[in-house]
Enquirer: 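Next up is a structure, given as structure tokens.
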Amino acid sequence: AVKKRLERARKLLKDIIEGNSVDIILPDEITQIRDWLFKIESNAIPFVNSIVANGVTRIGIYAFQYQGLTKVEMLNLETIDSYAFDNNEINNFYNLPKLKKIGGYAFRNNKQLIVFDLKNVNELGSNCFNNCTSLEMADLSSATYLSQSVFSGCASLRKVWIPSTIETIDATSSSKSTFYNGNVNAVIYTDVASADEVPSGWGTYWKKRNTTTLNTVYGATYEDFLNA
């Protein structure tokens with residue numbers, strides 16, 4: 001087993017040196033990808049095309065910044081730190097049953113990202129999906145905390161589920177609005193009965209794109225959201 005791993009490592013190193021993109025498969029014994037590990041400069045040539053790391057529970061800050069990743073599989077992932085996948089090309093991020101926390105700007109400028117499995121996530125950091133212009137929907141079923149401008153610049157976002165169980169939405173000004181510079185036609189579905197019964201921890205701009213109030217369906221069910 002050790003010999004096979006060494007051979008695989010030599011091949012990866014050879015491909016990287018020759019300027020080829022590589023597909024990385026990490027053994028399940030690796031549980032963290034440390035800060036800055038695969039980060040490159042914005043003008044450098046990306047060399048990681050995809051990664052499978054099903055033992056990893058945490059991705060450190062800036063871990064894959066500017067790498068151009070298109071595919072990620074991490075079934076046991078629990079925490080994604082700030083800027084971890086900033087400026088990549090991930091298409092879809094499925095099967096994240098244990099993911100609980102996403103840091104600020106973690107997926108900034110992932111313009112190919114269409115689907116992200118958010119339904120088990122508790123905390124979403126500031127601008128974590130900033131300029132993810134292809135993201136289509138957001139299921140916040142398990143969320144308890146949303147920082148400012150979580151979906152800023154999400155021009156294709158068409159529907160969002162925001163349940164009454166969310167304790168805090170840090171949307172206290174137009175520049176911190178949840179959907180800052182996003183899709184003005186996005187529809188919010190919430191089981192909150194009416195505008196008068198919104199939880200006290202939700203900032204005034206929780207349902208706004210800058211200063212524009214988005215279409216909000218109060219008293220909705222989860223099925224209403226799924227079927228919309």
Side-chain angles (χ1 to χ4, degrees), residues 1-121 124-125 127-139 153-154 156-157:
V2 174
K3 184 178 179 181
K4 287 183 178 179
R5 288 181 183 178
L6 286 172
E7 290 174 353
R8 193 158 55 233
R10 289 192 189 100
K11 183 180 184 303
L12 284 173
L13 184 58
K14 180 176 181 291
D15 284 338
I16 291 170
I17 291 172
E18 293 176 352
N20 300 320
S21 293
V22 298
D23 299 305
I24 297 176
I25 301 176
L26 296 180
D28 290 346
E29 292 80 13
I30 296 177
T31 60
Q32 293 193 42
I33 295 178
R34 66 176 178 81
D35 302 347
W36 305 73
L37 184 60
F38 294 101
K39 171 183 165 60
I40 59 175
E41 297 303 316
S42 60
N43 59 350
I45 299 174
F47 60 85
V48 181
N49 178 61
S50 70
I51 184 166
V52 176
N54 286 323
V56 167
T57 60
R58 174 183 172 269
I59 305 292
I61 61 171
Y62 296 101
F64 291 97
Q65 189 180 42
Y66 296 115
Q67 267 298 349
L69 274 167
T70 60
K71 180 182 178 183
V72 179
E73 182 182 313
M74 297 181 179
L75 298 179
N76 285 296
L77 190 58
E78 298 174 4
T79 301
I80 300 172
D81 285 339
S82 298
Y83 297 93
F85 293 102
D86 179 29
N87 277 276
N88 278 265
E89 297 177 8
I90 300 169
N91 297 308
N92 299 299
F93 217 141
Y94 293 118
N95 299 325
L96 297 165
K98 298 182 180 181
L99 183 61
K100 298 303 179 185
K101 183 177 180 180
I102 302 175
Y105 294 93
F107 290 91
R108 179 176 62 171
N109 288 332
N110 275 258
K111 296 182 179 181
Q112 309 303 317
L113 186 63
I114 299 173
V115 177
F116 193 102
D117 184 3
L118 278 171
K119 63 181 175 291
N120 297 303
V121 178
L124 287 84
N127 291 274
C128 59
F129 291 103
N130 173 254
N131 210 26
C132 290
T133 54
S134 297
L135 188 67
E136 294 184 350
M137 62 174 281
D139 180 350
C154 292
S156 298
L157 191 65

Enquirer: Strictly by modelled atom types, are N54 and D28 linked by a side-chain donor-acceptor pair under 3.5 Å?
Expert: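 Not at all, the side chains of N54 and D28 share no donor-acceptor pair under 3.5 Å.
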Enquirer: Could you check K111 against I90 for side-chain contact (heavy atoms from CB on, under 4.5 Å), going step by step and ending with a plain yes or no?
Expert: CA-CA 8 Å; K111 296 182 179 181; I90 300 169; over 6 Å; no
Enquirer: Which heavy atom of I59 sits nearest a heavy atom of A84, and at what distance?
Expert: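 Scanning both residues, the minimum pair turns out to be CG2-CB, 3.6 Å.
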Enquirer: Out of curiosity, L26 CG to I24 CD1, how far, rounded to the nearest 0.5 Å?
Expert: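 One finds 6.5 Å between CG of L26 and CD1 of I24.
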Enquirer: F107 vs F93 aromatic rings, parallel, tilted or perpendicular, using cut-offs 30° and 60°?
Expert: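 The rings of F107 and F93 stand perpendicular, inter-plane angle above 60°.
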Enquirer: Using the rule given for side-chain contact (heavy atoms from CB on, under 4.5 Å), can you reason through V56 versus N76, listing the C-alpha separation, both sets of side-chain angles and the distance that settles it, and then say yes or no?
Expert: CA-CA 6 Å; V56 167; N76 285 296; over 6 Å; no
Enquirer: Between F85 and V72, does a side-chain contact (heavy atoms from CB on, under 4.5 Å) hold up when you go through it step by step?
Expert: CA-CA 10 Å; F85 293 102; V72 179; 4.1 Å; yes
Enquirer: Report the residues that fulfil salt bridge (Lys or Arg N to Asp or Glu O under 4.0 Å) with K119, sequence neighbours left out, ordered by chain and then residue number.
Expert: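 Listed in chain order: D117.
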Enquirer: For the residue pair N88 and N110, confirm or rule out a side-chain donor-acceptor distance under 3.5 Å.
Expert: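 The answer is no; no qualifying pair exists.
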Enquirer: Is the shortest side-chain heavy-atom distance between D86 and N130 below 4.5 Å?
Expert: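 Side-chain contact under 4.5 Å: no.
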Enquirer: Where do D81 and R34 land on the salt bridge (Lys or Arg N to Asp or Glu O under 4.0 Å) test, with the steps shown first?
Expert: CA-CA 10 Å; D81 285 339; R34 66 176 178 81; over 6 Å; no
Enquirer: Hey, what do you get for CZ (R108) to CG (L113), rounding to the nearest 0.5 Å?
Expert: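 If I round to the nearest 0.5 Å, the distance is 15.0 Å.
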Enquirer: For F129 and F116, take the angle between the two ring planes, folded into 0 to 90°, and tell me which bin it lands in: parallel under 30, tilted 30 to 60, perpendicular over 60.
Expert: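 The rings of F129 and F116 stand perpendicular, inter-plane angle above 60°.
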Enquirer: Evaluate the side-chain contact (heavy atoms from CB on, under 4.5 Å) criterion for residues I40 and F47: first the C-alpha distance (whole Å), next the side-chain angles of each, then the deciding distance (0.1 Å), finally the verdict.
Expert: CA-CA 9 Å; I40 59 175; F47 60 85; 3.8 Å; yes
Enquirer: Tell me, please, which residues at least two apart from Y66 pass ring pair (Phe, Tyr, Trp, His ring centres under 6.0 Å).
Expert: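 Ring pair (Phe, Tyr, Trp, His ring centres under 6.0 Å) check on Y66 returns nothing, list empty.
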